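Okay, structure first, notes after.
Note that this is a predicted model, so its numbers are computed, not measured. In what follows, every chain begins at residue 1, and chains take the letters A, B, ... in the order their sequences are listed.
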Number of protein chains: 2
Amino acid sequence: MTDATTATTAAPAAKPLSQREELIPVLAEIFRAHGYEGASLARITEGSGLGKGSLYYLFPGGKDEMANAVLSHIDGWFQREVFIPLRESGEGEDAMAGIDHMFREVKRYFLSGRKVCLIGVFALVNVRDRFADKVKDYFVDWAAALNDALLRSGRDVDDAAGWTEEILAGIQGALVLARAIDDPAVFVRTLDRLQQRLQATGA
Amino acid sequence: MTDATTATTAAPAAKPLSQREELIPVLAEIFRAHGYEGASLARITEGSGLGKGSLYYLFPGGKDEMANAVLSHIDGWFQREVFIPLRESGEGEDAMAGIDHMFREVKRYFLSGRKVCLIGVFALVNVRDRFADKVKDYFVDWAAALNDALLRSGRDVDDAAGWTEEILAGIQGALVLARAIDDPAVFVRTLDRLQQRLQATGA
DNA sequence: GTCTATAAAGCGATAGAC
DNA sequence: GTCTATCGCTTTATAGAC
């Protein structure tokens, strides 16, 4: 045959997964650990095992493009695993099941409090302005999906809006607190308490 | 014994206030805005109006000493304005008054959500390790003072511990969220909701 | 006590060999 | 596609004039 390079055989999930895609979780961890300004190219070359030349080949836009790729990757994950399930959960009990699923996935994503939120890391300092749209959209999308599910679960408008803010703030704050006192268990306890209290006052 | 401890001289508030002390709020703002790694000496010289020579004269230990001085200053403020009043509030209603005072001062300190928490900024990234003790002590001291006041207000041990974590996480998360979506009002709403719910379920 | 000059290292980014 | 070498600039920190 003339073109064997794209002969993907019969395997269904045989995605090539470019080096660029494979690199993104590594980049994410470095940005998370050090922040944008602290994530030097030296740290990135060390963490990725790739030289600067390769990095600029994969990300011609440099650090800015790397961070944007990471943010898009995170957004994709949350859209797929949290926001869409939340939006597509049904009415009443089904909406509550979507919210339970959210708590479960969030605990899993943040490794039960051992991993911090990169969007939160970026949000707190002035690099936020560089990625303002993505930082804002992440929380706005999450808030919209959660608020809608709360409405479908039977809450009134004010109640849903209040819970939405409280849950999102609770998650972010629990991550900060857990890391500050170096006790990830605080994160899990705080989320469990939020979830339990939400159900206790449920419709 | 009369309280002669505070009767040092006739002048009540005539403190010279060294340049070092005067500089600390400026440094705090720069660290808050950019994080430790983003707070370059160029930004500090620009923000302070002092040359590098003067800065190293006032802080021979460089950036590390500046950040430590800022953290100590913040700790002093919270001890004086929040933790001690909290610890010295009495039983029952008086303890609740101490907690109300805490909410009021916290809202004032963070400029109703327009200013972020430097301890939180440091906590999220790996510079935390450099200042781990101060970062941890800030939250541990706060938690201890608040937990104790909650106990004195009539809560049982588990209830007080849960509320302590929930309030501290709520404050930190509200700061993250407010800044991420660029809406300081979220901070005030979240704190008001916490305070109101605390009173609604009070002893 | 504040400054400028400068050292020495690190930074992001680019060029070009292979 | 990955590398090394290097540019130009910024970084922290020091030295020394005033």
**Asked** Angle class for the Tyr138(B)/Phe78(B) ring planes (parallel below 30°, perpendicular above 60°, tilted otherwise)?
**Response**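 Answer is perpendicular, since the angle exceeds 60°.
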**Item:** Aromatic ring pairing Tyr109(A)/Trp77(A), orientation class (parallel under 30°, perpendicular over 60°, tilted between)
**Value:**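 Judged by the thresholds at 30° and 60°, the geometry between Tyr109(A) and Trp77(A) is tilted.
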When the distance from [atom1] of [X] to [atom2] of [N] is rounded to whole Å, what number comes out?
{"X": "Leu50(A)", "N": "dG1(D)", "atom1": "CG", "atom2": "P", "result": "12 Å"}
{"X": "Leu58(A)", "N": "dT2(D)", "atom1": "CG", "atom2": "P", "result": "6 Å"}
{"X": "Ile44(B)", "N": "dT2(C)", "atom1": "CD1", "atom2": "C1'", "result": "17 Å"}
{"X": "Glu46(A)", "N": "dG12(C)", "atom1": "CD", "atom2": "C1'", "result": "17 Å"}
{"X": "Phe59(A)", "N": "dG1(D)", "atom1": "CZ", "atom2": "P", "result": "14 Å"}
{"X": "Tyr57(B)", "N": "dC3(C)", "atom1": "OH", "atom2": "P", "result": "13 Å"}
{"X": "Leu41(A)", "N": "dA9(C)", "atom1": "CG", "atom2": "P", "result": "20 Å"}
{"X": "Leu55(A)", "N": "dC3(D)", "atom1": "CG", "atom2": "P", "result": "9 Å"}

So what does [X] touch, heavy atoms closer than 4.0 Å: a base, only the sugar-phosphate, or nothing?
{"X": "Gly53(A)", "value": "base"}
{"X": "Gly61(B)", "value": "nothing"}
{"X": "Gly49(B)", "value": "sugar-phosphate"}
{"X": "Lys63(B)", "value": "sugar-phosphate"}
{"X": "Ser54(B)", "value": "base"}

**Residue closer to the 5' end of DNA chain C, Glu37(A) versus Gly51(B) (nearest nucleotide)** =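 On the 5' side of the pair lies Gly51(B).
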**Asked** Do Lys134(A) and Ser72(A) pass the side chain to side chain donor-acceptor pair (under 3.5 Å) test, and can you show the C-alpha distance, the side-chain angles, and the key distance before you say yes or no?
**Response** CA-CA 8 Å; Lys134(A) 278 180 171 150; Ser72(A) 293; 3.1 Å; yes
**Message:** Does a side-chain N or O of Ser40(A) approach OP1 or OP2 of dG10(C) to a distance below 4.0 Å, or not?
**Reply:**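 For dG10(C), OP1/OP2 do not have a side-chain N/O of Ser40(A) under 4.0 Å.
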**Message:** From the set dA13(D), dT14(C), dG1(D), return the single nucleotide nearest to any side-chain atom of Tyr56(A).
**Reply:**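 Of dA13(D), dT14(C), dG1(D), dT14(C) is nearest to the side chain of Tyr56(A).
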**Request:** Quick one: closest heavy-atom pair of Leu118(A) and Val70(A), and the distance?
**Result:**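 So the minimum-distance heavy-atom pair works out to CD2-CG1, 3.4 Å.
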**Request:** Determine whether the side chains of Arg193(A) and Thr190(A) contain a donor N or O and an acceptor N or O closer than 3.5 Å.
**Result:**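 A donor-acceptor contact under 3.5 Å links the two side chains.
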